[in-house]
There are 2 protein chains.
Amino acid sequence: MRETAEAKTASELTRARLLDAAREVFSQRGFQGATVREICRRAEANGAAVNYHFGSKDGLLAEALNFAPLAALQKANANESPRTRLRLFIRDFMLMLLDENNPSSQCRIMARELADPTPALDKIVREAIAPLHEFLGLLVREILDDSGGGKKVGAAEQRRCVYSILGQCLFYRHSHPVLQRLHHKLRYDHEEIVAIAEHIVEFSLAGIKHLSKK
Amino acid sequence: MRETAEAKTASELTRARLLDAAREVFSQRGFQGATVREICRRAEANGAAVNYHFGSKDGLLAEALNFAPLAALQKANANESPRTRLRLFIRDFMLMLLDENNPSSQCRIMARELADPTPALDKIVREAIAPLHEFLGLLVREILDDSGGGKKVGAAEQRRCVYSILGQCLFYRHSHPVLQRLHHKLRYDHEEIVAIAEHIVEFSLAGIKHLSKK
DNA sequence: AAGTGTATCAAACGCGTGTTTGAAAGTAAA
DNA sequence: TTTACTTTCAAACACGCGTTTGATACACTT
């Protein structure tokens, strides 16, 4: 039965290699910019392998996506205070977004697709982004209530706070090519990412608190 | 001589039509997503017109860009207070970014190119984005000094404040496809854009002030 | 009216893309 | 070993892209 297992995993190994290569290339070049040929080359597979194993480039993207790491971020630290949960979430989210060594390229793939709709975007929005927005919305609401300003903050403003937080986070990934040209010594090492996250937390908490007290 | 003038402007008219169509298509589909054929179709010109008049698709983009409107935003209201100048800038910037009826599609074109380097990106960064960052950096510095907190705020934190502001602004354009799916009744009319700008101003001023006082 | 340079046009070119094909190699069961 | 099925492979296909070409129409000069 050793041959059976080996044969089975032989096919599954190329599948896995294709998925790994796809995640890498998609996160670096985006879905449009990535080519099936480059993915196959990196996976040391034949050019027809993608269509054989996944049907199409779209199918490969669909299987390459994995929303679990992002969802895990939201479930962690449930017993901490809202502010602490926001702080920890932003730190880990930024590490996913910016740290090339982070094993979860999912966020980097998704971030690239935000502006350029893909057949997979509907699924991404439904299964990853909508829950993320809801999670942050609840967190912002808790912090608003906690801040104890008498001001009643409406749903629209609460939503805009979520957008402000996500906008700050995504900016560093989205505008990376520009920031590199502006600031040649730029490099996202672990220390720098944590400092960025800390800035976003402080900046955002002040913004939220201000809204509740105005 | 009437015929001469007509003949001369006949060519210049197609040039102008091509530029208009190019700005429209580039801002809607991005440089990569835009096709020469669609631009020519919208301009009611022949498929070879772009290469005849501008040499290449790249050349068309280079001529379609115009940094004056963005620069004008920075020079206006020079005698107002730093906070007011920030408020007015963000409002007009958001109107450029989000209002499809705004005659200046430049910002919308540039925003699409941020993430996807184009041969023109170096020029865009040098002539438009770098001055913009410097402008906002000075404004943030003035507001920090004005806030009178004894805390000395370093250049890195000042820069991150600029990133926080721009990140919030660009998020609405960058993530528009996602926000539409999340929130189906979303529409950027004038009133909504102004409300968004106002939120970003309040949120950001609180964040900046917090940094200076911490 | 003939000549000259410019602008437009339909058609095609060269290239890269995702995908398909049919044969060859490999693997498991009979 | 033979048979049936799965996986790999080089090659080609169909398509869309930016671009080029050579003919044609046009406006202006001589």
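Below, chain A is the first sequence line, B the second, and so on; all start at residue 1.
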Nearest-angstrom distance from the residue atom CG of A:Leu60 to P of C:dG18: 11 Å
Touch class at under 4.0 angstrom, heavy-atom based, for B:Ala49 against every strand present: nothing
Atom-to-atom span, CZ of A:Arg41 to C1' of C:dG18 - whole angstrom: 16 Å
Pairs involving residues 157-182 of chain A, ordered by first then second residue, that meet salt bridge (charged side-chain N to carboxylate O under 4.0 Å, His left out) (sequence neighbours left out): A:Glu100-A:Arg173, A:Arg160-B:Glu192, A:Arg181-B:Asp122
Pairs involving residues 86-99 of chain A, ordered by first then second residue, that meet salt bridge (charged side-chain N to carboxylate O under 4.0 Å, His left out) (sequence neighbours left out): A:Arg87-A:Glu198, A:Arg87-A:Glu202
Selection from D:dC9, D:dT21, C:dA7 that lies nearest to any side-chain heavy atom of B:Ala48: D:dT21
Under 4.0 angstrom between A:Thr14 side-chain N/O and D:dT8 OP1 or OP2: yes
Phosphate-side-chain proximity, A:Asn46 and D:dT7, N/O vs OP1/OP2 below 4.0 Å: no
Integer-rounded Å distance: D:dC9 P and A:Tyr52 OH: 12 Å
Gap between atoms CZ and C1', on B:Arg17 and C:dA7 respectively (whole Å): 12 Å
Pairs involving residues 37-50 of chain A, ordered by first then second residue, that meet side chain to side chain donor-acceptor pair (under 3.5 Å) (sequence neighbours left out): A:Glu24-A:Arg42, A:Gln28-A:Arg42, A:Arg29-A:Glu38, A:Glu38-A:Arg42
Between C:dG16 (C1') and A:Glu38 (CD): distance, integer Å: 13 Å
Short side-chain N/O contact to C:dT8 OP1/OP2 from B:His53, under 4.0 Å: yes
Residue pairs passing the ring-ring contact (aromatic ring centres under 6.0 Å, His included) test where at least one lies in residues 90-112 of chain A, sequence neighbours excluded: A:Phe89-A:Phe93
Gap between atoms CG and C1', on B:Leu13 and D:dC26 respectively (whole Å): 16 Å
Residues B:Asp20 and B:Arg23 bridged, charged N to O under 4.0 Å: yes
Pairs where residues 58-79 of chain B contributes a residue and the test salt bridge (charged side-chain N to carboxylate O under 4.0 Å, His left out) is met, not counting sequence neighbours: B:Arg15-B:Glu63
Plane angle bin for A:Tyr188 and A:Tyr172 - parallel if under 30°, tilted between 30 and 60°, otherwise perpendicular: perpendicular
Interatomic distance, B:Glu12 CD vs C:dT8 P [rounded to whole Å]: 11 Å
Give each protein N/O atom lying under 3.5 Å from an N/O atom of nucleotides 16-18 of chain D, with the pair distance.
{"residue": "D:dG18", "atom": "OP1", "partner": "B:Ala34", "partner atom": "O", "Å": "3.3"}
{"residue": "D:dG18", "atom": "OP1", "partner": "B:Val36", "partner atom": "N", "Å": "3.4"}
{"residue": "D:dG18", "atom": "OP1", "partner": "B:Lys57", "partner atom": "NZ", "Å": "2.9"}
{"residue": "D:dG18", "atom": "OP2", "partner": "B:Val36", "partner atom": "N", "Å": "3.0"}
{"residue": "D:dG18", "atom": "N7", "partner": "B:Arg37", "partner atom": "NH1", "Å": "2.8"}
{"residue": "D:dG18", "atom": "O6", "partner": "B:Arg37", "partner atom": "NH2", "Å": "2.9"}

Rounded distance in Å - CG (A:Leu18) to P (C:dG18): 14 Å
